[in-house]
Amino acid sequence: MDKRVIAAYKKLLAQFGSQFWWPADSDYEVVVGAILTQNTNWRNVEKAISNLRAAHKLNEKAILEIGNSELETLIRPSGFYKQKAARLKLATRKWMELSRRADRMPIADLRAELLSVKGIGKETADSIILYAFHKPIFVIDAYTRRFCKKFFDVEFRKQDYDEYRKLFESALPPDVALFKEYHALIVEWGKNNGN
DNA sequence: GGCCAGGTGTAAA
DNA sequence: TTTACACATGGC
């Protein structure tokens with residue numbers, strides 16, 4: 001399996017080229033996107049982020065200070081806007097707290113801290129760890145599960161998230177740039193292919 | 001017009 | 001432990 005995981009990466013890279021993903025101007029913007037994109041098309045997330053930017057609210061301080069109803073209005077296009085407004089504030093507080101000491105924390109501890117926040121599940125936690133904290137953990141999303149089925153004929157239950165994660169992490173060196181690129185390529189494959 | 005998107009939390013069996 | 005359901009908008 002290890003060789004197949006590596007071979008698949010090379011194939012995607014040859015087909016699509018480097019992706020330079022996640023699309024965000026700052027690490028904190030990754031956190032915002034990670035919350036807003038939950039079960040939501042990225043197109044809609046872009047509208048919400050665009051609204052936040054135009055209102056000069058795309059930073060930690062502004063998000064914590066803004067009123068709930070105003071925040072809900074700004075992120076409305078991303079759906080589940082009431083939930084997401086409340087959870088975005090919770091995630092922001094944890095993000096600020098962890099930012100001070102993340103470099104000295106084991107990844108497992110960082111992950112546990114993120115998972116303790118209501119609204120941050122495994123995929124969201126791992127997206128933040130990889131794309132905002134820049135630490136090597138492999139992100140599993142809907143595209144990745146489809147990709148495993150198609151390329152490796154492997155299919156776990158959705159709740160067995162960590163089985164998918166191990167599949168990739170046991171086959172690859174724990175390299176941040178590699179993990180970012182591989183996941184980005186899988187998403188690109190998914191968007192072009194759909195199956 | 002219906003289906004579904006880069007999930008998560010909660011309640012009930 | 002597993003399953004079912006709520007949460008909501010906008011593009012195709």
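The sequence lines fix the lettering, A, B, ..., with proteins before strands; numbering per chain opens at 1. We use all heavy atoms of the structure for the numbers below, so side chains are in, but hydrogens, waters and symmetry mates are not.
OP1 or OP2 of C:dT2 has at least one side-chain nitrogen or oxygen of A:Arg157 nearer than 4.0 Å. The side chain of A:Lys118 places an N or O atom within less than 4.0 Å of a non-bridging phosphate oxygen (OP1 or OP2) of B:dT10. For A:Thr124 and B:dT8, the shortest distance from a side-chain N or O to OP1 or OP2 is below 4.0 Å.
Whole-Å rounding puts the A:Ile128 CD1 to B:dG7 P distance at 14 Å. Counting to the nearest Å, the P atom of B:dG6 and the CG atom of A:Asn192 are 13 Å from each other. Taking atom NZ of residue A:Lys158 and atom C1' of nucleotide C:dA4, one finds them 13 Å apart after rounding to whole Å. A:Leu114 has its CG atom 12 Å from the P atom of B:dT8, to the nearest Å. Between the CZ atom of A:Arg87 and the P atom of B:dT8 there is a distance of 9 Å, rounded to whole Å. One interatomic measurement links the two molecules: CG of A:Leu88 to C1' of B:dG7, which rounds to 15 Å at whole-angstrom precision. Atom C1' of nucleotide B:dG6 and atom NZ of A:Lys180 are separated by 17 Å, given to the nearest angstrom. Taking atom CZ of A:Arg146 as the reference point, atom P of B:dG6 lies 7 Å away to the nearest angstrom.
Rounded to whole Å, the separation between the P atoms of B:dT10 and C:dA8 comes to 14 Å. Rounded to a whole angstrom, the distance from the P atom of C:dT2 to that of B:dG6 is 27 Å. Taking atom P on both B:dG1 and C:dC7, the two are 25 Å apart, rounded to the nearest angstrom.
Contacts of A:Ile186 with the nucleic acid, taken as non-hydrogen atoms under 4.0 Å apart, are absent.
Salt bridge A:Arg111/A:Asp162: present, at least one basic N to carboxylate O contact under 4.0 Å. Here A:Lys82 does not pair with A:Glu72 in a salt bridge; the nearest charged N to carboxylate O distance is not below 4.0 Å. One finds a salt bridge joining A:Lys166 and A:Glu163 here, because a Lys/Arg side-chain nitrogen approaches an Asp/Glu carboxylate oxygen to under 4.0 Å. A salt bridge does not link A:Glu188 to A:Lys191: none of the charged side-chain nitrogens sits closer than 4.0 Å to a carboxylate oxygen.
When all heavy atoms are compared, the tightest approach of A:Ile66 to A:Glu70 is CG1-OE1, 3.5 Å.
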- Task: Check the pair A:Arg101, A:Glu113 against salt bridge (charged side-chain N to carboxylate O under 4.0 Å, His left out), reporting the backbone distance first and the verdict last.
- Result: CA-CA 12 Å; A:Arg101 53 199 180 95; A:Glu113 288 271 4; 3.2 Å; yes
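Remark: the backbone N or O of A:Gln38 is paired with a side-chain donor or acceptor of A:Thr40 at under 3.5 angstrom.
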- Item | Under 4.0 Å protein heavy-atom contacts per nucleotide of nucleotides 6-12 of chain C, with B for base, S for backbone only and - for none | -BBBSSS
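Heavy-atom distances to DNA chain B give each of A:Ile120 and A:Trp22 a nearest nucleotide, and the one nearer the 5′ end belongs to A:Trp22. Between A:Gly119 and A:Ser127, the residue anchored nearer the 5' end of DNA chain B, judged by the nucleotide with its closest heavy atom, is A:Ser127.
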